[in-house]
Amino acid sequence: MLDIRLFRENPERVKNALKSRNHDTGIVDEIVSLDVKVRQLTNEINQLRAQRNNLSKRVAQAKARGDEQEATQLMAEAKGVGERIDAIEKELDEVKEKLDKLMLYVPNIPHESVPVGPDETHNVEVRRWGEPRKFDFEPKPHWDLGPQLGLMDFDRAAKLSGSRFTVMYSAFARLERALINFMLDLHTKEHGYTEVWVPHLVKRSTMTITGQLPKFEEEAYRIDSDDLFLIPTAEVPLVALRANEILEEKQLPLLYTAYTPCYRREAGSYGKDVRGMIRQHQFDKVELVWLTSPERSFEDLETLVRHAEEVLRRLELPYRVVLLCTGDMGFGAAKTYDLEVWLPSYNAYKEISSCSNDADFQARRGNIRYRRKDGKLDYVHTLNGSGVAIGRTLVAIVENYQRPDGRIDVPKALQPYLGCEVIP
RNA sequence: GGAGAGGUGGCCGAGUGGUCGAAGGCGCUUGCCUGCUAAGCAAGUGUGGAGGUAUUCCUCCACCGAGGGUUCGAAUCCCUCCCUCUCCGCCA
């Protein structure tokens with residue numbers, strides 16, 4: 001959520017930001033006019049309330065004096081004022097509700113360092129690491145290799161749950177688990193994150209804080225009977241963890257990491273990544289979240305990206321870092337880097353992590369503040385990033401480390417976690 | 001799921017219709033005092049919004065779990081919901 005003052009003081013800036021995101025700008029004028037109305041009505045009500053408070057006070061005084069006649073007269077007067085208040089209040093509530101709702105639908109303003117562009121063709125590659133391997137045989141995509149090894153089972157997954165699900169056995173199942181532990185250990189022991197174990201079902205209000213709701217409800221799995229949502233990423237509980245709290249400046253930055261499954265309906269992605277386990281309704285992910293101060297958050301984003309990169313470096317998987325342009329960023333992001341890992345089956349780099357600074361966007365929605373040294377309250381900045389997506393990492397290992405005989409070498413860093421050098 | 005208790009300021013805790021944004025204590029901040037520290041004394045100490053040519057001053061409004069209602073007036077009475085705790089039942 002943006003600061004309403006931005007709309008009052010600089011609506012053009014907001015409009016330009018929305019334009020750069022391919023977003024309709026009419027909403028800005030709507031918000032501005034509703035805001036004017038809200039303040040006007042608020043003032044009227046405040047004046048009337050002051051009047052009524054005054055009358056009520058005089059009622060009490062009159063009664064204390066025993067002057068019943070005076071009291072009765074004042075009460076009648078106050079009642080009239082009260083009726084006017086009620087009428088205006090009703091109007092104010094309606095206007096406010098409209099305004100609040102619209103505010104939740106406005107995306108974040110891109111940071112000045114973000115390239116402007118309509119779509120992913122305007123993203124900027126920042127750096128590359130590693131060389132895609134040259135195969136002296138025809139590498140197999142994981143959706144062929146996995147089932148051939150008897151370690152991945154898409155057919156039975158479909159039998160159980162439909163499309164976009166995967167079943168894995170023995171070495172692959174263990175590989176998934178090894179990756180989780182490897183990543184959590186790296187981030188907690190070497191990068192200073194606190195491991196958090198969180199609920200996977202969250203309330204509507206929680207999903208609203210991080211921006212999944214209200215605009216993207218069709219993307220989320222909802223438990224109708226209890227109005228709970230399956231988390232699409234651990235970012236949701238991790239960011240919302242400190243909602244409605246006031247932190248001390250010296251506590252910042254807070255670094256949280258969590259492993260969770262992620263549940264996504266993938267509505268509107270029909271025909272995209274239909275083969276294999278690249279795009280699933282359920283996938284595992286280790287997430288990184290920072291609550292930090294505004295002064296340093298964009299610096300911190302660089303650090304967060306390095307933390308995610310370190311996972312791929314240790315696993316010796318070739319990747320590149322891409323700075324997303326305004327038109328390609330997510331709803332709440334002020335700035336986003338994607339990490340893309342090399343996938344032989346795609347003959348391309350494929351997103352494996354997305355690291356964003358949401359600035360105060362989520363902190364406003366969640367009312368997450370901190371007390372600065374000068375005593376003033378301010379919103380924290382929130383960062384989030386995958387560190388990294390487990391399923392896609394497994395796929396990357398399977399494809400990049402495959403041998404001509406179909407077996408798969410285990411990256412050195414993972415061998416202690418898996419207890420072997422080759423799969424199966 | 002059944003029965004009961006309860007949700008007040010950073011914390012503890014008083015307050016059952018009127019000047020209560022809220023006693024008291026703790027904590028914290030500042031000043032005084034004591035050759036340090038502790039103790040003591042004094043003052044201050046919530047958030048949000050609107051306005052006053054006004055980040056540091058002033059005024060007004062709102063906020064005692066959330067929402068609604070009664071009333072001239074609600075932390076206090078009524079209703080609904082949420083949450084916490086205790087006991088019972090069920091359960092990995």
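Bear in mind the structure is a predicted one, so any value in this text is a computation, not a measurement. Just so it is clear: chains get the letters A, B, ... in the order the sequence lines come, proteins before strands, and each one is counted from 1.
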- [ ] Describe the nucleic acid contact of A:Ile45 in one word from base, sugar-phosphate, nothing, applying a heavy-atom distance below 4.0 Å.
- [x] nothing

Task: Centroid separation A:His281 to A:Tyr263 less than 6.0 Å - done: no

TODO: Please give the nucleotide sitting opposite B:G17 as a Watson-Crick or G-U wobble pair, both distances under 3.5 Å, or none.
DONE: none

Task: Strand partner of B:G1, provided both Watson-Crick or wobble distances fall under 3.5 Å - done: B:C88

TODO: Find the partner of B:C33: check Watson-Crick (N1-N3 plus N6-O4 or O6-N4) and G-U wobble (N1-O2, O6-N3) distances, both under 3.5 Å, and reply none if neither fits.
DONE: none

Open item on the list: If I pick the C1' atom on B:A39 and the same atom on B:C32, what distance separates them, to the nearest angstrom?
Closed with: 14 Å

- [ ] Give one of base, sugar-phosphate or nothing for A:Lys79, where a contact means two heavy atoms less than 4.0 Å apart.
- [x] sugar-phosphate

- [ ] In whole angstrom, give the distance that lies between atom CZ of A:Arg65 and atom C1' of B:G18.
- [x] 14 Å

Open item on the list: Using the ring centroid of each side chain, check whether A:Phe361 and A:Phe331 are separated by less than 6.0 Å.
Closed with: yes

- [ ] May I have the distance from A:Leu41 (atom CG) to B:G49 (atom C1'), rounded to whole angstrom?
- [x] 14 Å

- [ ] Measure the distance from CG on A:Asp100 to C1' on B:G48 and round it to the nearest whole Å.
- [x] 14 Å

- [ ] Answer with base, sugar-phosphate or nothing: what part of the nucleic acid does A:Arg52 contact at a heavy-atom distance below 4.0 Å?
- [x] sugar-phosphate

Open item on the list: Give me the distance, rounded to whole Å, that separates B:G25 from B:G35 when you measure between the P atoms they each carry.
Closed with: 29 Å

- [ ] In whole angstrom, give the distance that lies between atom CD1 of A:Ile4 and atom P of B:G48.
- [x] 17 Å

Task: Whole angstrom value for the distance that separates P of B:C28 from CZ of A:Arg371 - done: 15 Å

Task: P gap between B:C79 and B:A23, integer Å - done: 29 Å

Task: Any-strand Watson-Crick or G-U partner of B:C26, both distances under 3.5 Å - done: B:G10

Open item on the list: Side chain of A:Arg5 only, heavy atoms from C-beta on: which candidate in B:G49, B:A50, B:A62 is closest?
Closed with: B:G49

TODO: Answer yes or no: does atom NZ of A:Lys57 have more than 12 heavy-atom neighbours from other residues, nucleotides or ligands under 6.0 Å?
DONE: no

Open item on the list: For a quick test of reading the model: is some side-chain N or O of A:Arg58 closer than 4.0 Å to OP1 or OP2 of B:U19?
Closed with: no

Open item on the list: Give me the distance, rounded to whole Å, that separates B:C61 from B:G7 when you measure between the C1' atoms they each carry.
Closed with: 26 Å

TODO: Keeping the roles fixed (side chain from A:Arg369, backbone from A:Leu247), state whether a donor-acceptor pair exists under 3.5 Å.
DONE: no

Open item on the list: With a 3.5 Å limit on both atom pairs, tell me what B:U47 is paired to, counting Watson-Crick and G-U wobble, or say none.
Closed with: B:A62

- [ ] From the options B:C72, B:A50, B:C60, select the nucleotide whose nearest atom is closest to the side chain of A:Ala50.
- [x] B:C60

- [ ] Check the side chains of A:Asn181 and A:Tyr259 for a donor-acceptor pair under 3.5 angstrom, ignoring hydrogens and angles.
- [x] no

- [ ] Sticking with atom P, work out how far B:A74 lies from B:G67, rounded to a whole angstrom.
- [x] 15 Å

Task: P spacing across the pair B:C63 / B:G9, given as an integer number of angstrom - done: 15 Å

Task: Same-atom distance (C1') from B:A38 to B:C33, integer angstrom - done: 13 Å

TODO: Write down the distance between CD (A:Gln61) and P (B:G73), rounded to a whole number of angstrom.
DONE: 17 Å

TODO: Using the closest heavy atom to pick a nucleotide of RNA chain B for each, name whichever of A:Asn53 or A:Arg369 lands nearer the 5' end.
DONE: A:Arg369

Task: The single option from A:Ile231, A:Val286, A:Leu238, A:Asp284 passing side chain to side chain contact (heavy atoms under 4.5 Å, CB included) against A:Thr260 - done: A:Ile231

Open item on the list: Using whole Å, what does the distance between atom C1' of nucleotide B:C11 and atom CD1 of A:Ile246 come to?
Closed with: 14 Å

Task: Candidates A:Leu175, A:Leu145, A:Val422 - the one meeting side chain to side chain contact (heavy atoms under 4.5 Å, CB included) with A:Ile408 - done: A:Leu145

Task: Distance, rounded to the nearest Å, where A:Arg39 contributes CZ and B:C60 contributes P - done: 22 Å

- [ ] Specify the residue among A:Ala60 and A:Ala76 whose closest nucleotide of RNA chain B lies further upstream toward the 5′ end.
- [x] A:Ala60

- [ ] Under 4.0 Å between any heavy atoms, over every strand shown, what does A:Arg372 touch: base, sugar-phosphate, or nothing? Just pick one.
- [x] nothing

TODO: Please determine, for the side chain of A:Ser56, which listed nucleotide (B:A62, B:A50, B:C72) has the closest atom?
DONE: B:C72

Open item on the list: Would you measure the distance from the P atom in B:G2 across to the matching atom in B:C12 and give it in whole Å?
Closed with: 30 Å

Task: Base partner of B:A38, which must satisfy Watson-Crick or wobble distances under 3.5 Å - done: none

